[in-house]
Amino acid sequence: MTSEPTRSGEPNSAPGADAARGASSGAGRGIGSGVARTAGSGIAQGIGSGAARGPYAKTEQFRLDVLDAALRILAERGFDATTLQLIADEVGRSKAGLLHHFGSREALMLEIVRHRDAVNRRAFPAVPGDDFTTTLDLVTHNTTVPGLVALFSITAALAAGDPDDTDRRTYFRERYERNRAGFARRLAEAQAAGTVRDDIPATDIASLLLATMDGLQIQWLLDDGVDMAAQLSSFIRLLQPAS
């Protein structure tokens, strides 16, 4: 769930429900009622209110209904316990019907990550001249949705292990490319303005920033005593020019 909530980046989409913990929690239930509702009202309305009509509109709405239902079930049951059958039952369709649309459980998990990324782009839009406040807001938000963070981390790790250029591997590779480019652009602008140290290339800092964010997420999933926002703030302070 790394995110670069700017013009070319994608806010961290960290995914799942109580994925890493594999059990329901207060935060997990919050995801199901809050995040899924956000996705339905933001993404679904955005697409559904357009000119699309007929079979395509129904198919797209079904897809969005499935993704929202999957978010709810992941929130309540965790990553390992979420099955295609549970999701199919939630939307009143058969498992075969889901496979017809998504192909496999793994493909559905990737679509949930995409869906969550789209939700985050709407919730954390780019702010010109932002001094990483939006990024820190996003990281703070992620602490309220541990399951989504877990699904993102799990899916990203699986993508890294794919031997070929699968859709999953391609999505995450391109996602990192966009986020690196987005952060590098912002950092270069800050270097020119004198608010970020310029003795390290902006592209290098961008990669280190993404590594810090993703690394903190994994540490936090293993130990919720890790304060992701506070530690990311410490890293950002290291970028300030020497006075």
Side-chain angles (χ1 to χ4, degrees), residues 1-6 8-22 27 31 35 74 78-79 106 109-121 123-124 126 130 132-162 165-187 196 200-239:
M1 254 194 44
T2 301
S3 40
E4 201 290 292
T6 64
S8 65
E10 297 177 24
N12 197 355
S13 123
D18 221 14
R21 294 169 175 75
I31 300 169
V35 168
L74 281 162
F79 181 83
E106 290 72 22
M109 295 302 104
L110 176 59
E111 285 304 306
I112 296 170
V113 172
R114 293 182 195 267
H115 190 53
R116 181 60 184 164
D117 279 346
V119 170
N120 278 347
R121 282 195 296 273
F124 300 92
D130 177 24
F132 294 102
T133 299
T134 303
T135 300
L136 288 167
D137 287 346
L138 178 59
V139 171
T140 299
H141 167 71
N142 284 342
T143 65
T144 70
V145 289
L148 295 179
V149 175
L151 177 60
F152 176 88
S153 298
I154 291 167
T155 308
L158 291 171
D162 286 345
D165 250 359
T166 59
D167 287 345
R168 180 168 60 190
R169 185 179 181 90
T170 298
Y171 179 74
F172 278 95
R173 186 185 67 246
E174 292 177 350
R175 188 180 191 280
Y176 275 110
E177 289 172 354
R178 287 193 301 272
N179 285 339
R180 278 196 303 270
F183 273 129
R185 184 187 61 252
R186 294 170 63 195
L187 287 160
V196 167
I200 301 174
T203 52
D204 289 357
I205 300 176
S207 290
L208 291 170
L209 182 56
L210 288 170
T212 299
M213 293 172 71
D214 282 357
L216 284 172
Q217 285 186 163
I218 292 174
Q219 292 181 61
W220 175 72
L221 287 170
L222 295 169
D223 176 5
D224 61 11
V226 172
D227 190 331
M228 292 193 291
Q231 294 186 27
L232 181 59
S233 293
S234 295
F235 176 84
I236 292 171
R237 285 197 298 274
L238 293 175
L239 303 180

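Computed from a predicted structure; not experimentally measured. Note: hydrogens, waters and symmetry copies are ignored here, and every other heavy atom, side chains too, is used.
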Phe132 and Phe235, any side-chain heavy atoms less than 4.5 Å apart: no

Reported CG-to-CG distance for the pair Leu209 and Asn179, which is rounded to 0.5 angstrom: 9.5 Å

Candidate pair Arg173 and Asp165, rule side chain to side chain contact (heavy atoms under 4.5 Å, CB included), full reasoning: CA-CA 10 Å; Arg173 186 185 67 246; Asp165 250 359; 2.9 Å; yes

Heavy-atom check, side chain of Met109 versus side chain of Ile154, under 4.5 Å: no

Side-chain (Ser234) to main-chain (Ala230) donor-acceptor, under 3.5 angstrom: yes

Close side-chain approach of Leu138 to Asn142, heavy-atom, < 4.5 Å: yes

Nearest heavy atoms of Val113 and Phe172, plus distance in Å: CG1-CZ, 4.0 Å

Separation of Ile236 CD1 from Ile205 CD1 (nearest 0.5 Å): 11.5 Å

Neighbour count above 12 (heavy atom, 6.0 Å) for Asp162 CG: yes

Distance-minimising heavy-atom pair for Met228 and Gln217: SD-CA, 3.6 Å

Donor-acceptor side-chain pairing of Arg169 and Thr166 below 3.5 angstrom: no

Side chain proximity check, Arg180 to Leu210, heavy atoms < 4.5 angstrom: yes

Arg114 versus Asp167, closest heavy-atom pair with distance: NH2-O, 4.4 Å

Closest non-hydrogen atom pair between Ala202 and Ala184, with its separation: CB-O, 3.6 Å

Flag side-chain contact, heavy atom, 4.5 Å: Leu232 against Thr135: yes

pair Phe183-Thr203: side-chain heavy atoms closer than 4.5 Å: no

Contact check, side chains of Leu222 and Gln219, non-hydrogen atoms, under 4.5 Å: no

Side chain to side chain contact (heavy atoms under 4.5 Å, CB included) evaluation trace for Arg186 with Val196: CA-CA 10 Å; Arg186 294 170 63 195; Val196 167; over 6 Å; no

Contact summary for Leu221 and Ser153, nearest pair of heavy atoms: CD1-OG, 3.8 Å

Nearest non-hydrogen partners of Leu110 and Tyr171, listed with the distance: CD1-CD2, 3.8 Å

Within-4.5 Å side-chain heavy-atom neighbours: Thr143 and Asp224: no

